[in-house]
Amino acid sequence: MIRLVKIGAMVAASLSVVSPANAQRAPRLYPVAEKPALDDLFPVVPVAFADGVTAYRDIVYQTNPGYRPQIVDVYVPATPGPHPLILYIHGGGWQGGHTRHSGALADFPKVLASLAAEGFTVASLEYRLSSEARFPAQLQDSNAALRFLRTHAADYRIDPARVGVWGGSAGGHLAALTAVTCRNTALDPAAAQDGCVQAAATWYGVYDFAGMTATPDGNAAGAKLLGCAAACPTDQIRAVSPVTYIDAKTPPFLLIHGDDDQVVPVGQSHLGERALKKAGVSVQSIYLPGVDHSFIGRDAATTRTATLRATNATFDFFHDKLGVPRK
């Protein structure tokens with residue numbers, strides 16, 4: 001017992017010797033804000049693509065309480081600009097997919113970078129999926145991204161007066177809806193002062209949800225988007241359908257669809273085309289024979305031909321409608 005007391009005293013004495021030295025160390029100092037600091041300050045590292053294009057990935061355009069931060073990838077040309085903006089919206093049945101893929105294009109970021117190299121700032125959107133939020137959250141996200149990008153036009157060399165939207169499948173639906181619902185505060189209360197879109201391109205997009213019941217899944221993906229337990233009410237069907245909003249103020253459209261599409265019937269693009277023409281809107285349509293959803297053909301050669309034709313036509317469309325001379 002006596003030995004333990006002596007050892008304890010020795011330890012205490014040694015600590016008393018070290019403590020003054022510890023007390024002389026400089027305190028660790030960091031910037032401290034007056035209130036909780038919520039900005040994401042992790043360094044944004046630019047990614048270099050061909051032809052001097054610089055891309056910035058995972059840029060937060062919106063943070064809603066209860067949801068993960070929402071992001072865009074942004075591809076910026078080497079030239080000073082300002083350049084027209086193209087917002088790409090991915091497909092996936094409103095319940096999957098991601099911002100860096102599109103159909104059979106094997107390296108979609110490289111495709112978006114090549115569009116940027118032709119004189120466009122290109123942004124590729126992540127939006128809330130149907131298991132995260134019901135419609136019209138997805139449209140609100142698209143609008144919020146455009147709002148953010150216009151606000152930061154100088155950072156990304158954007159001309160906010162020249163904006164195009166492009167998407168495939170569910171993304172085609174959202175691109176069309178973004179183009180035809182400018183400043184519609186019933187769907188997006190924040191949209192009253194928004195700028196409008198000047199051109200829209202859709203690949204195998206949905207234009208009228210009333211006609212989607214003929215698909216093999218009975219429009220289950222659309223019902224999930226709307227949150228319908230049974231048949232969706234007529235007012236919800238109208239609200240989510242781009243054809244409801246098409247009028248003379250609608251911007252020019254390009255519609256591309258495979259005529260053997262088993263997921264989104266080609267009739268959807270025919271419906272959209274008729275509604276656009278009836279309203280006096282400039283519309284170009286390309287229907288690809290023997291091609292299924294995502295431009296998948298009967299063999300690799302057919303898929304490649306259809307995919308490249310659609311991609312080239314889309315690039316050319318934006319050159320024409322947004323006033324960018326081809327190189």
Side-chain angles (χ1 to χ4, degrees), residues 33-44 55-75 85-101 121-153 155-156 158 160 163 165-197 206 209 221-229 232 235-236 239-242 245:
E34 296 180 1
K35 56 184 180 180
L38 303 179
D39 291 338
D40 182 357
L41 298 182
F42 196 87
V44 177
Y56 303 90
R57 55 190 167 196
D58 298 342
I59 301 298
V60 176
Y61 69 86
Q62 177 175 251
T63 303
N64 284 320
Y67 296 97
R68 60 196 164 88
Q70 292 164 264
I71 58 173
V72 286
D73 293 342
V74 185
Y75 302 77
L85 169 67
I86 305 297
L87 180 69
Y88 177 79
I89 308 177
H90 71 78
W94 308 279
Q95 57 189 332
H98 60 81
T99 191
R100 296 170 190 149
H101 86 151
T121 293
V122 181
S124 190
L125 176 72
E126 291 284 1
Y127 53 88
R128 285 172 287 179
L129 303 175
S130 58
S131 292
E132 300 174 291
R134 302 291 183 241
F135 177 82
Q138 297 72 24
L139 172 64
Q140 293 169 3
D141 294 347
S142 173
N143 287 340
L146 290 175
R147 212 172 289 134
F148 169 87
L149 291 162
R150 282 186 168 108
T151 299
H152 294 270
D155 297 332
Y156 302 114
I158 293 169
V163 176
V165 288
W166 166 28
S169 196
H173 162 255
L174 293 174
L177 205 58
T178 301
V180 300
T181 61
C182 182
R183 304 192 186 102
N184 185 316
T185 54
L187 294 175
D188 184 357
Q193 304 302 318
D194 281 355
C196 295
V197 166
V206 179
F209 273 59
K224 189 172 184 179
L225 175 70
L226 296 172
C228 307
C232 294
D235 60 338
Q236 284 187 279
V240 75
S241 297
Y245 309 98

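Note that the structure is predicted; figures quoted are calculated from it, not measured.
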For residues 58-65, which side-chain donor-acceptor pairs fall under 3.5 Å, sequence neighbours excluded?
| from | atom 1 | to | atom 2 | distance (Å) |
| --- | --- | --- | --- | --- |
| Asp58 | OD1 | Arg100 | NH2 | 3.0 |
| Tyr61 | OH | Gln70 | NE2 | 3.3 |
| Tyr61 | OH | Glu126 | O | 2.7 |
| Gln62 | NE2 | Gln70 | OE1 | 3.0 |
| Gln62 | NE2 | Asp141 | OD1 | 3.1 |
| Asn64 | ND2 | Gln70 | OE1 | 3.3 |

query = Tell me, do Ser124 and His90 make a side-chain contact under 4.5 Å, heavy atoms counted?
reply =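 A side-chain contact is absent here, since even the closest heavy-atom pair is not under 4.5 Å.
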
message = Using side-chain heavy atoms (C-beta onward) and a distance below 4.5 Å, is Val240 in contact with Val206?
response =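 No, too far: nothing below the 4.5 Å cut-off.
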
Taking all non-hydrogen atoms of both residues, which atom of [X] and which atom of [Y] are closest, and how far apart?
| X | Y | result |
| --- | --- | --- |
| Ser241 | Leu177 | C-CD1, 4.2 Å |
| Leu226 | Arg134 | C-CD, 4.0 Å |
| Ala221 | Gly93 | CB-O, 3.6 Å |
| Cys196 | Arg183 | SG-NH1, 3.6 Å |
| Gly167 | Ala175 | N-CB, 3.8 Å |
| His101 | Gly91 | NE2-O, 4.0 Å |

request  = Using the six-membered ring wherever Trp is involved, compare the ring planes of Phe209 and Trp94 and label them parallel, tilted or perpendicular (cut-offs 30° and 60°).
outcome  =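 It falls in the tilted class, 30° to 60°.
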
inquiry  = Below 30° counts as parallel, above 60° as perpendicular, anything between as tilted: where do the rings of Tyr156 and His152 land?
reply    =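 Rings of Tyr156 and His152: tilted, 30 to 60°.
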
Hey, is the main chain of [Y] close enough, under 3.5 Å, to the side chain of [X] for a donor-acceptor pair?
| X | Y | value |
| --- | --- | --- |
| Tyr245 | Cys182 | no |
| Gln138 | Leu174 | no |
| Thr99 | Leu125 | yes |
| Arg57 | Asp73 | no |

message = The criterion is side chain to side chain contact (heavy atoms under 4.5 Å, CB included); which residues satisfy it with Ala179, sequence neighbours excluded?
response =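 Checked Ala179 against side chain to side chain contact (heavy atoms under 4.5 Å, CB included); matches are Val165, Val197, Ala200, Pro251, Phe253.
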
How many angstroms lie between atom [atom1] of [X] and atom [atom2] of [Y], to the nearest 0.5 angstrom?
| X | Y | atom1 | atom2 | result |
| --- | --- | --- | --- | --- |
| Leu149 | Ile158 | CG | CD1 | 4.5 Å |
| Asn143 | Asp194 | CG | CG | 5.5 Å |
| His98 | Ile71 | NE2 | CD1 | 11.0 Å |

request  = Sequence neighbours left out, what passes ring-ring contact (aromatic ring centres under 6.0 Å, His included) with Tyr88? Give chain and number order.
outcome  =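 Scan of Tyr88 (ring-ring contact (aromatic ring centres under 6.0 Å, His included), adjacent residues dropped) gives Phe108, Trp166.
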
request  = Any chance you could lay out the side chain to side chain contact (heavy atoms under 4.5 Å, CB included) test for Leu85 and Leu146, step after step, and finish with the verdict?
outcome  = CA-CA 9 Å; Leu85 169 67; Leu146 290 175; 3.9 Å; yes

